[in-house]
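These notes are about the structure you will find just below.
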Number of protein chains: 2
Amino acid sequence: MVNNGTEIPIMLIQRSRTFRFRIRNSQLTAMALKRVASSAIRALGSSSAGSDSSITLTRSLHASAGGKKIVGVFYKANEYASLNPNFLGSAERALGIREWLESQGHEYIVTDDKEGPNCELEKHIPDLHVLITTPFHPAYVTAERIKKAKNLQLLLTAGIGSDHVDLKAAAAAGLTVAEVTGSNVVSVAEDELMRILILVRNFVPGHQQVIKGEWNVAGIAHRAYDLEGKTVGTVGAGRIGKLLLQRLKPFNCNLLYHDRLKMDPELETQTGAKFEEDLDGMLAKCDVVVINMPLTEKTRYSRLEIYVIISVSNE
Amino acid sequence: MVNNGTEIPIMLIQRSRTFRFRIRNSQLTAMALKRVASSAIRALGSSSAGSDSSITLTRSLHASAGGKKIVGVFYKANEYASLNPNFLGSAERALGIREWLESQGHEYIVTDDKEGPNCELEKHIPDLHVLITTPFHPAYVTAERIKKAKNLQLLLTAGIGSDHVDLKAAAAAGLTVAEVTGSNVVSVAEDELMRILILVRNFVPGHQQVIKGEWNVAGIAHRAYDLEGKTVGTVGAGRIGKLLLQRLKPFNCNLLYHDRLKMDPELETQTGAKFEEDLDGMLAKCDVVVINMPLTEKTRYSRLEIYVIISVSNE
């Protein structure tokens, strides 16, 4: 699927100075990232903010208005780098944006070496303007690094999640922390449905029997179920929870959701999901529980931690 | 889900003297099997066939009209037998129909010992009337066993598949071979969608990394995809193929199907699946190919054997 969206709404979250780019594509294509990076970098370059007037930069620009020093921290793909021309998230392929960044007059340094005082990243901390990284091999941005990074303006996650950034220190320093909101929602919803089926149908022990050349049907069958007819509840019906409910619809399950607010009545009708105001009440009804909430201070130590993500009753 | 169907249409396939019971439930519950067994055994007991007039019995009844000797061959569940009260397909639970069969005056012998000249099954071959077995631990019914089984009338598969029966010898001997048609179609469709997601999203190598405590993102990511936007084709759009297409619908794939006939226009509209008259033409377009055909002499050595079940292109 090609992202053919032409507009990228930008949402500024004032509290943490994190702003998020919404793109309509589910996969983080090079094109999408290029568009996001382009918006972000252009926003930094313009002192009169124009249409991005909600973005306030509290650091003055130390470099020339045109050329920025951009550092990308990605995992090494080694022998896998050349196996798939569309596999761009590695240090070798560097998101596929080198040519474009350099054509815009920027310097683009890419490394996977990100830990310890003598790592490659550390050398560039004092004069980089932009740091791009990914959630699975993140460049940790501590208060100490932020202090050293006198030119730093933008911390960009090529994906979702800014846990690797000390957000308080970043806000205090006036940095912009951005991620590509929505870029992984379809991937997560698909992954959730896959894992529900794997657990309900007891796939892994069966797969292991095949590998070992065993044939113990009872060992698998005694806890293998159809998903059909089961009660599945999602705690949280935001962007991911809704996509999961849509994908569950043809499985003929009893679908429930708990959230602070009821969802759009049209989507409720479309998915057949029923709103459950009381979380504990919903959990007691469920064969399968999926948690689709952000991890925040409010949700971190909640009673949900005592539940396993997927629980299947003996019915 | 409880099977609340009240009628069980019986289809007689004259050629092989196989008749099939259609039940509406997707899971082979004890209740469903009891109903199927009940119909089958009642049909055998009535010399004037009544509503089951299409069933012709060419063997005379050697036992009293009431009591039959019924042998069930199932796998031993051992330590798993008691873990789930609804897990009935084992020798220990014997499909949960012992009490009912005995209350009807039948003798019910159950064993897992089914191979070789001295096995438990062999002892009962000469005088059993009904043999019930399951696909994953089948009692093989050879021409030799059929010759010895002078009282045998009904061979019943608690599930789908009669490959374990020498059908020519059974037809020549006038035996009825029955299975529970439709009992596994939802299970198979769910399993197919699970396996598509597992292969497209590259689940197994990721799972193995977790087990081994490894963290090689590139090794997984270089061939992990979203299903969204992919072209999925089913070769065969019968009962299972249709259920698969329905379940694929919300994944926003390009759905294709090849069959001898076009499906119902309403279902075509509902699933958005496009008919492909030319099989080779369809295969060339697909990222994922699923085979939903019966294995017959006509399909056994077809060109489909050169394809893997699931193939994912590098797009």
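Proteins get letters first, then strands, A, B, ... in listed order; numbering begins at 1 in each.
Atom CD of A:Glu79 has more than 12 neighbouring heavy atoms from other residues, nucleotides or ligands inside a 6.0 Å radius.
Among B:Ala77, B:Gly219, B:Ser90, B:Ala81, the residue with the largest count of heavy-atom pairs under 4.5 Å with chain A is B:Gly219. Chain A forms more heavy-atom pairs under 4.5 Å with one residue of B:Arg201, B:Lys249, B:His207, B:Gln246 than with any other, namely B:Arg201.
A distance of 8.0 Å separates CG in A:Leu243 from CD in B:Glu228, rounded to the nearest 0.5 Å. Here A:Asp191 contributes atom CG and B:Asp226 contributes atom CG; the two are 9.0 Å apart, rounded to the nearest 0.5 Å.
A 4.5 Å side-chain heavy-atom check between B:Val186 and A:Phe251 finds every atom pair outside the cut-off. Proximity of A:Val217 to B:Phe74: side-chain heavy atoms (C-beta onward) are nowhere separated by under 4.5 Å.
Geometric assessment of A:Arg223 against the ring of B:Phe87 yields a negative cation-pi assignment under the 6.0 Å and 45° thresholds.
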Worked check of side-chain hydrogen bond (donor to acceptor under 3.5 Å, both in side chains) between A:Tyr225 and B:Asn86: CA-CA 11 Å; A:Tyr225 304 89; B:Asn86 297 311; over 6 Å; no
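A donor-acceptor distance shorter than 3.5 angstrom exists from the side chain of A:Trp215 to the backbone of B:Phe136, with no hydrogens or angles considered. The backbone N or O of B:Leu197 lies less than 3.5 Å from no partner atom in the side chain of A:Glu190, so there is not a single donor-acceptor pair.
For A:Asn216, the part lying near chain B is the side chain, with the backbone staying farther off; criterion is any non-hydrogen pair under 4.5 Å. Contact annotation for B:Tyr80: both backbone and side-chain heavy atoms come within less than 4.5 Å of a heavy atom of chain A.
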